[in-house]
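Input: a single structure, listed below in C-alpha cells.
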Amino acid sequence: MGQVSYPAASSSGSSFNPTSLILILVVIVGVYMLMIRPQRRRQQQAQQSQNKLLPGARVRTTAGMYATVVDVDGDDVVLEVAPGVEVRYMRRAVMDVVSPGEETPDDSYSDSEDEHADDDGEPDTAESEEETAHTGSTKND
C-alpha cells in the first residue's frame, strides 16, 4: 500500500469576513427588539399592577376570570368571584387590574337573575316536569 498524502489547507478560505459578523449581530438585535423586549415590558407592567393591588379593585386573573379583591395577604390575594364566594390566589395569578368599562356585559352577574325572573307567579312546565321525574310526585302531593 502506498502512502496517502493530504493536501494542505489553503489560506484563502480562512479569511475573516466582517459582513457575516454584522449580519449575525443584526439578527440577534432584531430578535431582542421583536421578542424579548416586549415580553419584559409586559412582565414589568404585570408586576407593578400586582404590587398595587388594593381591596375593592376589579381584576382579571391569568386564567381569564374576573373577580374583586377582598384582601391582600403577603404573596396571596383573596378574590370574590361571585357574591359570597371567595377564593385565595397567589398574587402573581392576577394579570391586570380592570377598569369598570373594560369588562363585557356578560361578565356582570348581579343583574342577570333579576332580568330573567318570571313575574307571572306560575311555575314553568319544564321545571314541574323535571321535579316530577326526579321525585316521582307532583308539587301538589
Side-chain angles (χ1 to χ4, degrees), residues 1 3-141:
M1 295 240 208
Q3 284 186 336
V4 179
S5 64
Y6 295 102
S10 64
S11 62
S12 65
S14 64
S15 66
F16 176 71
N17 189 356
T19 2
S20 62
L21 180 64
I22 292 172
L23 182 62
I24 291 172
L25 288 175
V26 166
V27 169
I28 290 173
V29 169
V31 166
Y32 175 77
M33 295 299 284
L34 294 175
M35 297 176 76
I36 298 170
R37 189 171 169 225
Q39 179 64 26
R40 283 190 182 166
R41 185 178 303 139
R42 282 191 296 268
Q43 286 175 345
Q44 288 174 348
Q45 289 173 348
Q47 184 81 26
Q48 288 174 353
S49 67
Q50 291 167 2
N51 290 336
K52 295 179 183 178
L53 286 178
L54 297 173
R58 195 81 177 135
V59 296
R60 181 174 58 218
T61 66
T62 54
M65 181 175 57
Y66 291 92
T68 305
V69 177
V70 175
D71 187 28
V72 179
D73 182 25
D75 286 340
D76 295 343
V77 292
V78 177
L79 302 177
E80 184 178 42
V81 295
V85 180
E86 295 179 355
V87 292
R88 182 175 292 269
Y89 275 86
M90 294 181 72
R91 187 185 288 243
R92 62 182 168 195
V94 174
M95 186 178 351
D96 59 349
V97 177
V98 180
S99 61
E102 195 173 329
E103 291 185 46
T104 61
D106 294 338
D107 292 334
S108 65
Y109 49 81
S110 59
D111 296 334
S112 63
E113 291 179 13
D114 295 336
E115 293 172 359
H116 299 296
D118 203 22
D119 291 335
D120 62 359
E122 296 178 10
D124 290 341
T125 56
E127 287 179 4
S128 60
E129 289 174 5
E130 279 183 313
E131 285 186 23
T132 304
H134 289 293
T135 60
S137 62
T138 61
K139 288 185 178 181
N140 297 336
D141 286 344

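Computed from a predicted structure; not experimentally measured.
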Self-check item: Minimum heavy-atom distance between Val77 and Met90, given as atom pair plus value
Solution: CG2-O, 4.3 Å

Quiz item: Do Val97 and Leu53 have side-chain heavy atoms sitting under 4.5 Å apart?
Solution: yes

Quiz item: Of the non-hydrogen atoms in Arg91 and Gly74, which two are nearest, and what is the gap between them?
Solution: NH2-O, 2.9 Å

Name the atoms and distances for all side-chain donor-acceptor pairs under 3.5 Å in residues 42-52, with sequence neighbours left out.
residue	atom	partner	partner atom	Å
Arg42	NH2	Gln39	OE1	2.9
Ser49	OG	Gln45	O	3.4
Ser49	OG	Ala46	O	3.0
Gln50	NE2	Arg92	O	3.3
Gln50	NE2	Val94	O	2.9
Asn51	ND2	Gln47	O	3.2

Exercise. With rounding to the nearest 0.5 Å, note down the distance linking CG in Leu54 to CG in Asp71.
Key: 11.5 Å

Quiz item: Rounded to the nearest 0.5 Å, how far apart are CG of Leu79 and CZ of Arg58?
Solution: 10.0 Å

Listing, residues 19-26 side-chain donor-acceptor contacts under 3.5 Å, not counting sequence neighbours, or none:
residue	atom	partner	partner atom	Å
Thr19	OG1	Asn17	OD1	2.7
Ser20	OG	Asn17	O	2.8

